[in-house]
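Data first, discussion second: the structure below is written as structure tokens.
Below, read A as the first sequence line, B as the second, and so on, with proteins coming before strands; counting in each chain starts at 1.
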Protein chains: 2
Amino acid sequence: MTELFMSDNKKPGTTRKSGIREANTRQIIAAAEALFSEKGFNGTSTQEIADRAGLPKANVHYYFKTKQDLYSVVLQDILQGWQKDAEIFQRSSDPEEVLRSYIRAKMEHSFTRPKGSKMWAMEVIQGGPVMGKEIRKALVSWDDTVLQRIQTWIDEGKIQAVSPQSMLNMIWATTQYYADYDYQIRILNDNKRLTVAQREEAIEDVSRMILHGVLQ
Amino acid sequence: MTELFMSDNKKPGTTRKSGIREANTRQIIAAAEALFSEKGFNGTSTQEIADRAGLPKANVHYYFKTKQDLYSVVLQDILQGWQKDAEIFQRSSDPEEVLRSYIRAKMEHSFTRPKGSKMWAMEVIQGGPVMGKEIRKALVSWDDTVLQRIQTWIDEGKIQAVSPQSMLNMIWATTQYYADYDYQIRILNDNKRLTVAQREEAIEDVSRMILHGVLQ
DNA sequence: CCAATAGTTGACCAAAAGGTCAACTTACAA
DNA sequence: TTGTAAGTTGACCTTTTGGTCAACTATTGG
């Protein structure tokens, strides 16, 4: 993430002045992620971001040339989080173990930090108007890595012969759903947030259905 | 759907003047659905909607008091489409047959008319700021109907004992994904739209994984 | 044919929003 | 201590936008 949010800014040569730049930058990004995920790009004003970050609007523009720049940086940040969740695919070669761990990580991610997922979803739904080439590249290379691993499982006869992309899509779709659609889930749960027990049940159910669905 | 989009308007007592009102109304709704799904509520201007519908802006406001009213009507329309897809649950009691048909209907719906799904997704992601009570009610009652049917399958031992809501969530999540995330799917498919064959493969894969995952 | 209702539309307005700027303050290296 | 770079900020500008309105035309029932 470092060096990213300074890309097109008047970045100082070396970091000085204690950590003012970094501290403010972080606050702005956090505020932006929250607001963009709640109200979308167009629904969020730079003024609101500034207020939430506790700074005057002009200060936000001092660190991020435009609203789009800021948005783009936040998106990049989010993708990195998911890439971490997927490191499991490299650490083990047992499909059941990997899938269980991955689904759990992804589901917990969805429950505890849904904001990023929502923001990403809205960007993708709208056809990636802001998402830049770099982000797309990162996405593709991450996808490739995971697909390769799934393919080896198929070659070894460990799992069903479905298209690896279809399988990954299903995992992605289902786990993201618990973040993106949390509002709908709440409506269909008597207007109550899922309890910890319900979350655990959801993780179990999703794991069971997917594992049962793809293992031989 | 009839009578809905006139709710808070100066509706004429009886329909006269050939079908001017209905024709214009339909055009506006179609334009609105397309634009809202591409750019969200805040990203779409009434002027754009008017242009796409081939009318002056003031005319749009003549039929729909506010942008929100229009948005709300379109949402309602979308939910109705999905309710139709789910009628299958009432027409057969064999889980394999029902699920196969439903998944296919939903997937084809996603491929051929992704706009509605996208608009719905954005609304839900943002916490349903416009969605009214009626829409929520319709959603809940539709959900209940489907859950009951799934529960009977469980009681009869025809499918695995997962929570019916978890199961429906997975079906929903996965099928909607092919509409909402079509842009991401394209990126991960060499930047090419899925071919008809690929769509068919996706439908097959999704059906197989879900059926294999939930049937005994 | 005519009055009344429905539909049309250009002009207009106030509010909001993204972004700029120049003056100002703070921090630090030497 | 002091010069310079970094950071701060209120005021301002321009554009966009949702919505209004009054004047106008078209349609239709009687």
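Taking the side chain to side chain contact (heavy atoms under 4.5 Å, CB included) definition, one finds that Ala138(B) meets it with Leu79(B), Gln83(B), sequence neighbours left out. Considering only residues two or more places apart in sequence or on other chains, Arg100(B) meets the salt bridge (Lys or Arg N to Asp or Glu O under 4.0 Å) condition with Glu96(B). With sequence neighbours excluded, the residues forming a side chain to side chain donor-acceptor pair (under 3.5 Å) with Ser45(A) are Glu48(A), listed by chain and number. Residues meeting the side chain to side chain donor-acceptor pair (under 3.5 Å) test with Gln47(A), sequence neighbours left out: Asp51(A).
Across the protein-nucleic acid pair, Ile20(B) atom CD1 and dT25(D) atom P stand 16 Å apart, rounded to whole Å. We find that CD of Gln27(A) is positioned 15 Å from C1' of dG7(D), with the value rounded to whole Å. Atom-to-atom, CD of Gln68(B) to C1' of dG18(D) comes out at 11 Å; the value is rounded to the nearest Å. Between the CD1 atom of Ile28(A) and the P atom of dG7(D) there is a distance of 11 Å, rounded to whole Å. Between the P atom of dT20(C) and the CZ atom of Phe64(A) lies a distance of 15 Å, rounded to the nearest Å.
Trp172(A) has its ring centre less than 6.0 Å from the ring centre of Trp142(A).
Screening residues 33-57 of chain B for ring pair (Phe, Tyr, Trp, His ring centres under 6.0 Å) gives Phe36(B)-Phe41(B), Phe36(B)-Tyr71(B), Phe41(B)-Tyr71(B) as the qualifying pairs, with residues at least two apart or on separate chains.
Contact between the side-chain N/O atoms of Asn59(A) and the OP1/OP2 oxygens of dG10(D) is not found at any separation under 4.0 Å. For the OP1/OP2 pair of dG7(D) and a distance below 4.0 Å, the side-chain nitrogens and oxygens of Arg21(A) include at least one atom meeting the criterion.
When each of dT8(D), dT9(C), dG10(D) is scored by its nearest atom to the side-chain atoms of Tyr62(A), the top-ranked nucleotide is dT8(D).
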Enumerate the protein-to-nucleotides 15-18 of chain C contacts in which both atoms are nitrogen or oxygen and the separation is below 3.5 Å.
from, atom 1, to, atom 2, distance (Å)
dG18(C), OP1, Thr44(A), O, 3.2
dG18(C), OP1, Lys67(A), NZ, 2.6
dG18(C), OP2, Thr46(A), N, 2.8
dG18(C), OP2, Thr46(A), OG1, 3.0
dG18(C), N7, Lys57(A), NZ, 3.1

